[in-house]
Asker: 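I'd like to ask some things about the structure below.
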There are 2 protein chains.
Amino acid sequence: MPTDTTSPGAVPGSRALAHPAREEIRLAGVLHALADPMRLRVVCRLAAAEGELNCADIELPVSKSTCTHHFRVLREHGVIEQFYRGTAKMNRLRTADLETLFPGLIDGVLRAADLQACRLGEE
Amino acid sequence: MPTDTTSPGAVPGSRALAHPAREEIRLAGVLHALADPMRLRVVCRLAAAEGELNCADIELPVSKSTCTHHFRVLREHGVIEQFYRGTAKMNRLRTADLETLFPGLIDGVLRAADLQACRLGEE
DNA sequence: GCCGTAGTACGGTGGTTATCGTACGAGCGC
DNA sequence: GCGCTCGTACGATAACCACCGTACTACGGC
């Protein structure tokens, strides 16, 4: 059932990554993926960047392997899309899919995250 | 730091339940609380009821003790408010608090849950 | 071909969670 | 008081999760 696509932007010949198809994305899964401060931060950065971002560009205060883990959770629950470009792994929010399935949800979460960051002395 | 209140509507003499104060509620906690199908269902029911609901009125396909557990998670993360009335335990969404902290968030989640329920041949 | 950089895979650890069953406590009605 | 209903507390279990380190693979440049 997992549908993988060699995403547009991926260099041909790169290994493919499994992504859930749009109709396989579940609300509970998305909420679970967002319910972790580390992952929430990733999503905020991606949203702010409005495009694709290298894994390494989003510095997290955890080890490389934990980092890989969080990105995988986000991908497997349909929140982000990942593909390889050379040695780098690029990440992009699945804005269109999420907006179609759950209109306004991600925006709401991002706004809430911003508000909370302000309330608690930034960061 | 946990602030408990004998909620308005509680019968005096009832045991009190600990609730987080508004400023203690965290986005990640709320998302975590919502990231479970069982709890999501509870929240939807409460929202539809637009008022307080008995624990037993929200039938869940799990045992009584598991039920207690889920309600506690929702309360401890600031999503619902609970108080005793006689032998019954009443539940109410903390709509005002959540709307102040994260405007639009709960509505977004509820709308998303509705849409998904429709998409997957209802419930 | 060799090296560096980016990320993965694997195995492990400690903590949390969802679930249950059984035994108990608190009010209500008779 | 007695029994009913509603919910709790406790103990157990199995699954899962966040995190780590180490060993590995893939690609690009020299």
Side-chain angles (χ1 to χ4, degrees), chain A residues 4 6-7 9-19 26 28-42 52-77 79-92, chain B residues 4 6-7 9-19 26 28-42 52-77 79-92:
Chain A
D4 68 49
T6 304
S7 301
V11 172
S14 294
R15 9 209 172 144
L17 289 163
H19 290 79
R26 290 292 167 272
V30 172
L31 291 175
H32 168 78
L34 297 175
D36 179 284
M38 228 55 88
R39 294 195 287 261
L40 201 48
R41 188 193 297 207
V42 169
E52 55 214 40
L53 234 53
N54 192 321
C55 268
D57 288 347
I58 307 171
E59 79 288 340
L60 297 177
V62 291
S63 79
K64 261 201 308 181
S65 33
T66 304
C67 214
T68 298
H69 161 70
H70 285 307
F71 279 105
R72 181 169 48 219
V73 172
L74 286 170
R75 169 168 49 83
E76 289 181 345
H77 287 94
V79 180
I80 66 172
E81 179 189 2
Q82 298 188 291
F83 54 91
Y84 288 99
R85 183 138 67 206
T87 89
K89 190 182 211 170
M90 308 306 291
N91 304 278
R92 194 193 295 144
Chain B
D4 67 50
T6 304
S7 302
V11 172
S14 293
R15 331 139 252 175
L17 288 163
H19 290 80
R26 290 290 167 274
V30 171
L31 292 175
H32 168 78
L34 297 174
D36 179 284
M38 228 55 88
R39 294 195 287 260
L40 202 47
R41 188 193 298 206
V42 169
E52 55 214 40
L53 234 52
N54 193 324
C55 268
D57 288 347
I58 307 170
E59 78 289 339
L60 298 177
V62 291
S63 79
K64 261 199 309 178
S65 32
T66 305
C67 214
T68 298
H69 161 71
H70 285 307
F71 278 106
R72 182 172 46 221
V73 171
L74 286 170
R75 171 168 49 83
E76 290 180 344
H77 286 94
V79 179
I80 67 172
E81 179 188 2
Q82 297 189 292
F83 54 91
Y84 288 100
R85 183 139 66 207
T87 89
K89 190 183 209 169
M90 308 306 291
N91 304 277
R92 194 192 296 143

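Each chain gets a letter, A, B and so on, in the order its sequence line appears, and its residues count up from 1.
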Asker: Please list all pairs meeting salt bridge (charged side-chain N to carboxylate O under 4.0 Å, His left out) that have one or both residues in residues 59-71 of chain B, counting only residues at least two apart or in different chains.
Answerer: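 Counting only pairs at least two positions apart or across chains, the salt bridge (charged side-chain N to carboxylate O under 4.0 Å, His left out) contacts touching residues 59-71 of chain B are B:Arg45-B:Glu59.
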
Asker: Does A:Cys67 have any side-chain contact (heavy atoms from CB on, under 4.5 Å) partners at least two apart in sequence or in another chain, and if so, which?
Answerer: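 With neighbours one apart ignored, the set is A:Leu60, A:Phe71.
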
Asker: Under the rule for ring pair (Phe, Tyr, Trp, His ring centres under 6.0 Å), what residues qualify as partners of A:His69, not counting sequence neighbours?
Answerer: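 With sequence neighbours excluded, A:His69 shows a ring pair (Phe, Tyr, Trp, His ring centres under 6.0 Å) to no residue whatsoever.
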
Asker: Where along residues 60-69 of chain B does a heavy atom come under 4.0 Å from DNA chain D, residue by residue in number order?
Answerer: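 Of all residues in residues 60-69 of chain B, the ones placing a heavy atom under 4.0 Å from DNA chain D are B:Lys64, B:Ser65, B:Thr68.
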
Asker: The criterion is side-chain contact (heavy atoms from CB on, under 4.5 Å); which residues satisfy it with A:Ala28, sequence neighbours excluded?
Answerer: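 By the side-chain contact (heavy atoms from CB on, under 4.5 Å) rule, A:Ala28 matches B:Pro37.
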
Asker: Pairs under 3.5 angstrom, nitrogen or oxygen only, protein versus nucleotides 12-16 of chain C, please.
Answerer:
none

Asker: How many whole angstroms separate atom CD of A:Glu76 from atom P of D:dA18?
Answerer: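 From A:Glu76 CD to D:dA18 P: 12 Å.
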
Asker: If I take atom CG in residue A:Leu40 and atom P in nucleotide D:dA18, what distance separates them, rounded to the nearest angstrom?
Answerer: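 That distance rounds to 13 Å.
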
Asker: Can you list the residues that meet the side-chain contact (heavy atoms from CB on, under 4.5 Å) rule with A:His70, with sequence neighbours excluded?
Answerer: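 For A:His70, the residues satisfying side-chain contact (heavy atoms from CB on, under 4.5 Å) (neighbours in sequence not counted) are A:Asp36, A:Met38, A:Arg39, A:Thr66.
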
Asker: Is the backbone of B:Leu53 close enough, under 3.5 Å, to the side chain of B:Asn91 for a donor and an acceptor to pair up by distance?
Answerer: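 Present.
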
Asker: To the nearest Å, give me how far apart CZ (B:Phe83) and P (D:dC6) are.
Answerer: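 So the two atoms are 17 Å apart, to the nearest Å.
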
Asker: Measuring from A:Glu76:CD to A:His32:NE2, what's the distance to the nearest 0.5 Å?
Answerer: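 Output value for this atom pair is 10.0 Å.
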
Asker: For A:Thr68, give me all partners under side-chain hydrogen bond (donor to acceptor under 3.5 Å, both in side chains), at least two apart in sequence or on another chain.
Answerer: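 So A:Thr68 forms no side-chain hydrogen bond (donor to acceptor under 3.5 Å, both in side chains) with any residue.
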
Asker: Any side-chain N or O of B:Tyr84 under 4.0 Å from OP1/OP2 of D:dC6?
Answerer: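 Looking at the OP1 and OP2 atoms of D:dC6, neither is under 4.0 Å from any side-chain N or O of B:Tyr84.
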
Asker: Let me know the distance between CG of A:Leu53 and C1' of C:dG7, rounded to the nearest Å.
Answerer: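 In whole Å, C:dG7 C1' and A:Leu53 CG are 16 Å from each other.
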
Asker: Where the side chain of A:His70 is defined as all heavy atoms beyond and including C-beta, which of C:dG7, D:dA18, D:dT5 is the nearest nucleotide?
Answerer: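 Minimum distance to the A:His70 side chain belongs to D:dA18.
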
Asker: A:Arg39 has an atom CZ; how far is it from atom C1' of D:dA18, in whole Å?
Answerer: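 Distance, rounded to whole Å: 9 Å.
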
Asker: Starting at atom CZ of A:Arg72, determine the distance to atom P of C:dC10, rounded to an integer number of angstrom.
Answerer: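 So the CZ-P distance, A:Arg72 to C:dC10, works out to 10 Å.
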
Asker: Please state how far atom CZ in B:Arg85 lies from atom C1' in D:dG7, giving the value in whole angstrom units.
Answerer: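 Rounded to the whole Å, the gap is 16 Å.
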
Asker: Please name all residues satisfying side-chain contact (heavy atoms from CB on, under 4.5 Å) with A:Thr87, sequence neighbours left out, ordered by chain then number.
Answerer: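 side-chain contact (heavy atoms from CB on, under 4.5 Å) check on A:Thr87 returns nothing, list empty.
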
Asker: Write down the distance between CG (A:Asn54) and C1' (C:dT5), rounded to a whole number of angstrom.
Answerer: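 Distance check: A:Asn54 CG to C:dT5 C1' gives 11 Å.
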
